[in-house]
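Let me begin by presenting the structure, written as structure tokens, before commenting on it.
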Amino acid sequence: MSSEQVKVPMDKAWRPQDVEPELYRSWEEAGLFVAHADRPRPKFSIVLPPPNVTGELHLGHAVSGTIQDVYCRYRRMLGFEVLWLPGTDHAAIGTQNVIERELAKEGRTKEELGRAAFQKLVDEWYRTYGNRIVEQYKRLGATLDWTRLRFTMDPAYIRSVREAFVRLYNDGLIYRGPRIVNWCPHCRSSISDLEVDWREHEDTLYYIRYDMADGDGALVVATVRPETMLADSGVAVNPNDARYRSFIGRRAFLPLVGRELPVVGDEYVKSDFGTGALKVTPGHDPNDYEIGQRHGLAIYTAIDKDRNIVNEPWVPDELRTRDALTARARIVEMLRDRDHLVKTEPYTHEVGHCDRCGEIIEPLVDEQWWCHMPPLRDPAVEVVTEGKTRFVPERYTKVYLDWMANLRDWNISRQLWLGHAVPVYYCDNKADHGGQTYTFASVEEPKACPQCGNQKLRPDPDVLDTWFSSALWPYATMGWPDETDDLRTFFPTDVLSTAREIIFLWVARMLMTSLRFMDDIPFRTVLIHAVIQDPQGQRMSKSKGNGVDPLEMIDLYGADAVRAYGAEVGMRGQDVRFDESKIEAYQRFANKLWNMARLVLGSAEGVATRPIEEIQASELDPAERWALSRLDAAIERATSDIESFRPGDAISGLRYFAWDETADWYLEAVKPSFRLQPTDPARVRAASVGMHLIRQLALLLHPFMPFLTEALWLKLPGGDQPIQAPREETIWPVPAGRRDEALEAHMGVLFEVVTRIRDAAKGLDAAAADTVMISAKRVAADPSAELLDSDYGRELVARLARVEFSDAAPAARTLVVGGLEILVGARAAAPSDHAALEREVNATRAKIDTLEQRLAKEEFVSKAKPEVVQRVRDDLSAARERLAILEDAFSRA
RNA sequence: GGUCGGCUAGCUCAGUUGGUUAGAGCGCUCGGUUCACAUCCGAGAGGUCAGGGGUUCAAGUCCCUUGCCGACCACCA
């Protein structure tokens, strides 16, 4: 460890903004996050879901990043060799759109620039923004291994993508062919079904009459897109629809075009929608395409890739090359003129949009590259069904499996200006290839046709869907297809933490490709984190402007506070509304811890503290034993919460232990010992226990709040190495066998006594009387009374409740806690609070009543578990004793 | 249309396999110059657990049903 330790002055308040960047730098310089494949330790690995290279850290990244970091830090503390691998995604279609929008602001287009200049601009963007998000993850405190930073457009990654394509191609799973696709006229590319965003539109439904070719009758069809009728190749009716059965097998006459359309019977047609007759346009509607396939209908294309009407002979002259929208209006006019328009009505329906640019999707038939899914899918279904890969929360298993069951072939080609090129080449030297163009896929860029040696090869013009390349992320980043040390050591990864919206786009596809190429699952556990909505429950989005910038939150409250909040809500399994006050609360918690440490460290100054293991329970006073017992409980809970992917419960529980139990009860209880002479055994004990508690708290909280805890750790004895430094043995706390539940119960009663006295003394005129006095006597068998009745217990109660013991306190209030009757009063006479006593008597009677009724029920006693019945009996007898004391006090008062 | 989730204190949310008096943070009220901390300390008020029905000795928790909110999938022209 070569780096200088960061010295943080013990000022009154914890100032994260001053300390965090410096600490992070020191960690990075010390190489704490660099994974070493050759270290002989158990391994733990996560790959960071690669954010878009042009992106910025948003709240979702912060939450997911925090969760991943919690697990990486936790595993390092357990002695694991941890790899958390970072990287960014080129996000072809997204990046292209972002840059195009920037160009548009200057009134320019990418077409003006040309391909080469545009590519230069893109590279510039990658350089500029690729590092921005890296810096932002550092602000969060993410222990990513920056020496392994990857980008999906790195040369090595490009090779992995080509390799994957070529293998699938050679295995016959990738093919090229004409099929109906979602075409985005703006992006001038196809997009996959998953990238279509459906939005509600108010349109008009047009009813159009198609006369029968034989002159006998007509069919009326309904459509919102009359312009597509030009490409109609049939009319479909439901074969069970009595109205139309006689039409099946005959021909209808397509208005304006004059084409004869076969009438087919197809179950797909809903008799109760529209007229029950459907115009079939296989070239421009996915469902019609399916119908067309079933009945062998012709495919016509009427609308081209720029959404213009095509220049075909069968298109009426005046419509040709018009844009489709004005063509629609004209077609409606023409139909009306020729009396083919039966009626129109307003119609609300969902229309597909490109989820990147917002353009309305144009379904059309096009030559595209497809990936055949079933052979990839089946193993990926199996591993999840068998639980080899597990979703947390578990319900996403069903979401995943349901989607997988209905997988269709994946359109993997895009017609964009940037992205991974489809590694396919064409040799047009047909003479040497039996009169055909020879097509082949190649990982390396081929210099010549492998068959005929022709050097003039034509590369395929398409690029690949971004998700095709990110589907390889967990192993391509580790060097696949080479058999690298990283792959051998860190693959499969342990955890994938991601947003649920990309379960299909990304998670499913990683599972499928990994099983194909690595013959193994890519990750064991998939954590689907919560979505943080705005305070009104709306989804945060750039366009709405309701987003919360995590960096702004870090500036305000510190990374520790933002992380603790993220860890608390991130894995609850439920979406949450953003609540800034919770981040603020964690900032105050950080400050609280800081001050607890200041108190304890101050108390230990000049004291020869002893290792806690050497201190026998018999040497400790009850509060100290209690604190160590609670510590064991806290360790056990936190560990199991983290292990079972409930980091929120872990951080909440630790906050409770630190603040309520350690600070408010324990430290207050032992404070006097802190003021004894440094050599006083009680001072040594208290300081030793205090240091131990701070040390353990720093370790337990470190995965969540790494900066503050590290700053504290470095001040503690033995804290000469950073918490994340590699160690032989585990540094994560383990229970020390000091749990003492009987003592916890007794101290619990003592604390309750304190609280009750504080409450009772509140109404007394202590100022006039100078001091509030109490007297206590044991009036019933209660094991807790012994501790309370001891000198130790009396002193503690008196001090914490700020009262004095007296055998003759004027009783203004009578309290019954456990088996003790406690009289609370002022030194001067105070009027007895009859009303309070009476309320308590009544409440106790009511409780006795309830319990008696339960026990009176035959069925309860016979059917309930014995321990439940016994508990009710115990409660009843305790309540009766209590009532007796209260009534006695009441009669005396 | 289908699937899934939610409805618990003024607000944001916990509530493990059904079992004492349903919890936390924030907010609120009252009281505190306690020598670690006012980014604090102490005490308190506040909930017919969305409505209805059922199972059970016992339901916030299990089942049915209604309502409202949300997500995802599908895409009826």
Side-chain angles (χ1 to χ4, degrees), chain A residues 10 12-14 193-194 196 198 205 221-225 228 236 268-270 272-281 285-288 347 349-352 393 395-396 398-399 402-403 406 500-501 503-504 531 533 535 537 539 557 568-569 572-582 584-603 644 646 648-649 652 655-656 660 663-664 667-668 671 674-675 754-756 758-762 799-802 843 846-847 850-851 854 857-865 867-869 871-872 874-876 879:
Chain A
M10 282 301 248
K12 218 172 167 185
W14 166 248
D193 295 343
L194 288 172
V196 176
W198 293 89
L205 190 59
V221 298
T223 179
V224 283
R225 300 194 62 199
T228 64
Y268 169 81
V269 181
K270 308 266 184 297
D272 56 358
F273 186 89
T275 61
L278 171 68
K279 71 192 253 317
V280 184
T281 321
D285 182 284
N287 295 308
D288 291 8
Y347 183 63
H349 65 140
E350 301 263 291
V351 176
R395 66 172 180 275
Y396 292 110
K398 181 170 151 50
V399 175
D402 285 352
W403 185 74
N406 300 309
R500 63 164 171 260
E501 64 197 34
I503 291 176
F504 308 141
V531 173
Q533 306 162 338
R539 195 180 176 83
Y557 304 108
E568 183 185 305
V569 304
R572 268 186 192 155
Q574 203 50 50
D575 289 350
V576 287
R577 296 178 185 208
F578 181 69
D579 185 354
E580 189 169 339
S581 75
K582 289 196 172 178
E584 197 192 333
Y586 275 113
Q587 181 199 29
R588 297 211 306 269
F589 175 54
N591 189 59
K592 182 71 185 183
L593 279 166
W594 180 248
N595 280 296
M596 288 165 65
R598 292 209 308 143
L599 171 68
V600 172
L601 283 166
S603 82
S644 48
R646 291 195 308 267
D649 290 351
S652 310
R655 176 166 70 173
Y656 177 80
D660 290 67
D664 290 345
L667 290 178
E668 291 303 327
K671 248 180 190 174
F674 289 163
R675 301 186 199 113
V754 171
T755 301
R756 295 288 305 280
R758 282 168 176 166
D759 182 29
K762 198 164 63 166
R799 183 157 48 81
L800 294 180
R802 313 198 140 259
K847 185 177 176 182
T850 312
L851 295 174
R854 288 185 72 182
K857 269 193 185 165
E858 196 75 34
E859 290 165 303
F860 173 68
V861 180
S862 59
K863 288 186 182 171
K865 279 176 278 184
E867 61 265 32
V868 174
V869 178
R871 194 166 60 227
V872 173
D874 292 348
D875 286 353
L876 181 59

Under 3.5 Å, is there any donor-acceptor pair linking the side chain of A/K582 to the base of B/U12? yes

Please measure how far the C1' atom in B/A22 lies from the corresponding atom in B/C68, and state the result in whole Å. 24 Å

Answer yes or no for A/K863 and A/F860: cation-pi contact, defined as NZ/CZ to six-membered ring centre under 6.0 Å and angle to ring axis within 45°. no

Using atom CZ of A/R577 as one end and atom P of B/C11 as the other, report the distance to the nearest whole Å. 10 Å

In whole angstroms, how far is the C1' atom of B/C4 from the CZ atom of A/R500? 10 Å

C1' spacing across the pair B/U12 / B/A36, given as an integer number of angstrom: 30 Å

Atom-to-atom span, CZ of A/R539 to C1' of B/G70 - whole angstrom: 11 Å

A/L278, nearest nucleotide to its side chain (from B/A77, B/G19, B/C37): B/A77

The side chain of A/K863 lies closest to which of these nucleotides: B/C57, B/G70, B/A43? B/C57

Measure from the side chain of A/K847, starting at C-beta and using heavy atoms only, and say which of B/U20, B/C57, B/C76 lies closest. B/U20

Quick one: A/D664 CG to B/G32 P, roughly how many Å, whole number? 20 Å

So for atom CD, which belongs to A/E867, do other residues, nucleotides or ligands contribute more than 12 heavy atoms lying within a distance under 6.0 Å? yes

From the set B/A43, B/C13, B/A24, return the single nucleotide nearest to any side-chain atom of A/R655. B/A24

Nearest-Å distance once atom P is located in both B/G18 and B/A58: 15 Å

Could you tell me the separation between the CG atom of A/N406 and the P atom of B/G1, rounded to a whole number of Å? 19 Å

Checking the side chain of A/R598 only, and the main-chain atoms of A/A13 only, is there a donor and an acceptor separated by less than 3.5 Å? no

Look only at the side chain of A/R758 and the backbone of A/L800, and say whether a donor-acceptor pair between them is shorter than 3.5 Å. yes

Picking from B/G44, B/G25, B/G42, which would you name as closest to the side chain of A/R758? B/G42

Integer angstrom distance from the P of B/A71 to that of B/C13: 15 Å

side-chain N/O A/T755 vs B/A43 OP1/OP2, d < 4.0 Å: yes

Of all the choices, B/C76, B/A14, B/A74, which nucleotide is nearest to the side chain of A/D649 once you look at every atom? B/A14

Integer-rounded Å distance: B/U3 P and A/Y396 OH: 18 Å

Nearest-angstrom distance from the residue atom OH of A/Y347 to C1' of B/A77: 7 Å

So, does the side chain of A/Q533 form a donor-acceptor pair with the base of B/A71 at under 3.5 Å? no

Taking 4.0 Å as the cut-off, does a side-chain nitrogen or oxygen of A/Y656 come that near to OP1 or OP2 on B/A24? no

Looking only at the side chains, is there a donor atom on one of A/R588 and A/N591 sitting less than 3.5 Å from an acceptor on the other? no

Is the ring pair A/H349/A/Y347 parallel, tilted or perpendicular, if the boundaries are 30 and 60 degrees? tilted

How far does the C1' atom of B/G27 sit from the matching atom of B/G47, given to the nearest Å? 16 Å

Side-chain N or O of A/R395 closer than 4.0 Å to phosphate OP1/OP2 of B/C4: no

A/A663 vs A/P535, nearer the 5' end of RNA chain B by closest nucleotide: A/P535

Ion pair A/D575/A/R539, N-O distance below 4.0 Å: no

If you measure from the P atom in B/G25 to the same atom in B/C57, how many Å do you get, rounded? 38 Å

Spacing of the C1' atoms in B/U56 and B/C63 (rounded, Å): 12 Å

Taking CZ from A/F578 and P from B/C26, how many angstroms apart are they, rounded to a whole number? 16 Å

Given 3.5 Å as the limit, does a donor-acceptor pair link the side chain of A/S644 with the main chain of A/R646, or not? no

Counting heavy atoms from C-beta on, name the nucleotide in B/A74, B/U20, B/G19 closest to the side chain of A/R871. B/G19

Identify whether any heavy atom of A/A585 sits under 4.0 Å from a base atom; if not, whether one sits that close to sugar-phosphate; answer base, sugar-phosphate or nothing. sugar-phosphate

When the nearest nucleotide of RNA chain B is assigned to A/G573 and to A/E501 on a heavy-atom basis, which residue is associated with the more 5' position? A/G573

Short side-chain N/O contact from A/K270 to OP1 or OP2 of B/G1, under 4.0 Å: no

Measure from the side chain of A/D579, starting at C-beta and using heavy atoms only, and say which of B/A74, B/G25, B/A71 lies closest. B/G25

Heavy atoms from C-beta onward define the side chain here; which of B/C26, B/C76, B/G19 lies closest to that of A/S581? B/C26

Between the base of B/C4 and the side chain of A/K398, is one N or O donor paired with an acceptor at under 3.5 angstrom? no

Is A/R588 near enough to B/C26 that one of its side-chain N or O atoms lies under 4.0 angstrom from OP1 or OP2? yes

Side-chain N,O (A/K12) to OP1/OP2 (B/A38) below 4.0 Å: yes

Measure from the side chain of A/Q574, starting at C-beta and using heavy atoms only, and say which of B/C57, B/A14, B/G25 lies closest. B/A14

Whole-Å C1' distance, B/G60 and B/U16: 14 Å

